There are 2 protein chains.
Amino acid sequence: MPNRDPRAKGTAHDRLLQAASSLFYDNGIGGTGIDAIVERAGVAKKSLYNNFSSKSDLVHQYLEARHAEWLDLYERRMAPAGTPQQRILAVIDAYRDHAEHAYERGFRGCGLLNAAAELDAGDAGRKAVRKHKEQVEDLLAGHLNELLPHSPDRARRLAAQISFLLEGAMARAGLEGDSMRLLDARDMVDDMLQAL
Amino acid sequence: MPNRDPRAKGTAHDRLLQAASSLFYDNGIGGTGIDAIVERAGVAKKSLYNNFSSKSDLVHQYLEARHAEWLDLYERRMAPAGTPQQRILAVIDAYRDHAEHAYERGFRGCGLLNAAAELDAGDAGRKAVRKHKEQVEDLLAGHLNELLPHSPDRARRLAAQISFLLEGAMARAGLEGDSMRLLDARDMVDDMLQAL
DNA sequence: GATAATAGCCAGACCGGTATACCTACTTTT
DNA sequence: AAAAGTAGGTATACCGGTCTGGCTATTATC
């Protein structure tokens, strides 16, 4: 690890991915140039192409990293929660926290969904985002199965409904720049869980 | 109306807007260049800048046109429907029809939301999209008020819930490229309306 | 000395936008 | 009715800037 700026932390790969994440979220994928990424990362352009085969490769690794990051966040938030209901609400709270934390620097909704909107119909990145959303739905379905052990079908439908609700609330919250809509969604899901 | 290609229909303005709509939806805003638009429209580049002050102006007119188009579609679909329940389901069916119609050429979800995802946090276009979504929600709230004349608050919350559900289902359907998720959403809303 | 990072330049394409010049149809003035 | 003007179209060339990606020469660390 030679010539790196000693003030900087982490490997060039990590710092590039982190810089790209931030810029992709704020300005979009197409709106973010390679030069801006390497400048933010404090790294030579050559280092980018040493670590990533192309911008498209960087985008895909960005999507995968976000995916892993979110799933990890869900797990950590749900672990301390006692009841299945609490674990489901914890997923929504994760979104809310993210929205509130991102508020000052410009909250723009779900980074994965925004990225997918820029990719064309057949792109592998779209499939990655789709997989992420399906995994979240499966996760919800798992907890709902605990609540409805004798109605796996109903649990599955309810998981779909909650994940749609969450997705829509996140999109609307992104348009409005704050987390109010996610709070609404939390209340809705809370009511739905109470009514079980 | 002078030198226009006789094979072509409509004014340069209309044809540019139509070409831009198609390309913006398929390839995104950033992914669509001015040259591609004028070529698709079969029009001189100068004509674009005679009719629109800039690409950004074209984008805004695109958003407004889509907004008007959707609202008009809702009205026309809801008019023949007898009950408030049917009118609400008609909105979902409008989305479904659109998804199915767009299937062959690559369905990518809601064009307005996709466009918003490319615009940065403060852009006026984002506000336009937000306004559109709120108007749809208001429209749903109006019909729900007919069903729940003594619970305006509950009608309002239900309208929010349905609009979130619809938004989320549309996003997921866009990721998957078909209208299955919208069919699921229709069933969910149908159940919700039955339970009133 | 080998390795791996650095800064910086360059190629080729594409971007949004402008400039020039010509053409045609309608409209106004004579 | 004829002539002149105008509005809006056409086609093409061009501008400065930015894009991705690669290249070279240099420098710092092992």
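Heavy-atom basis, side chains included; hydrogens, waters and symmetry copies ignored. Naming: A, B, ... by sequence-line order, numbering from 1 per chain. As the structure is a computational prediction, the values presented were derived from the model and not from experiment.
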Calculate the interatomic distance between [X] atom [atom1] and [N] atom [atom2]; express it in whole Å.
X        : N       : atom1 : atom2 : result
Asn50(B) : dG17(C) : CG    : P     : 14 Å
Ile37(A) : dG21(D) : CD1   : C1'   : 13 Å
Asn27(B) : dC15(C) : CG    : C1'   : 15 Å
Leu16(B) : dG17(C) : CG    : P     : 14 Å
Leu48(A) : dC23(D) : CG    : P     : 15 Å
Leu58(A) : dG21(D) : CG    : P     : 10 Å
Leu23(A) : dC19(D) : CG    : C1'   : 15 Å

With respect to the side chain of [X], which nucleotide from [options] is positioned closest?
X        : options                   : result
Ile34(A) : dT6(C), dT20(D), dA11(D)  : dT20(D)
Asp35(A) : dC15(C), dT10(D), dT20(D) : dT20(D)
Lys45(A) : dA19(C), dT20(D), dA5(C)  : dT20(D)
Tyr49(A) : dA11(D), dA7(C), dG22(D)  : dG22(D)

If only side-chain N and O atoms of [X] are considered, is one of them under 4.0 Å from the OP1 or OP2 phosphate oxygen of [N]?
X        : N       : value
Lys55(B) : dG16(C) : yes
Ser47(A) : dT6(C)  : yes
Asn51(B) : dG9(D)  : yes

Query raised in the report: Just wondering, are more than 12 heavy atoms of other shown residues or ligands nearer than 6.0 Å to CD in Glu176(B)?
Result: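 Enclosed.
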Query raised in the report: Hey, is Asp26(B) close enough to Arg108(B) for a salt bridge, meaning N to O under 4.0 Å?
Result: no
Requested in this report: Output yes when Glu167(A) and Lys133(A) qualify as a salt bridge under the 4.0 Å nitrogen-oxygen rule, no when they do not.
Outcome: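 A salt bridge links Glu167(A) with Lys133(A).
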Report summary line: Taking for Lys46(B) and for Ser56(B) the nucleotide of DNA chain C with the nearest heavy atom, the one nearer the 5' end belongs to Ser56(B)
**Report entry** Closest non-hydrogen atom pair, Ile29(B) against Lys55(B)
**Finding:** O-NZ, 2.9 Å
Query raised in the report: Heavy atoms under 4.0 Å, any strand shown: does Ser53(A) hit a base, just sugar-phosphate, or nothing?
Result: nothing
Report task. For this output row, return yes or no: ring centroids of Phe107(A) and His101(A) closer than 6.0 angstrom. Result ->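 No, the ring centres sit 6.0 Å or more apart.
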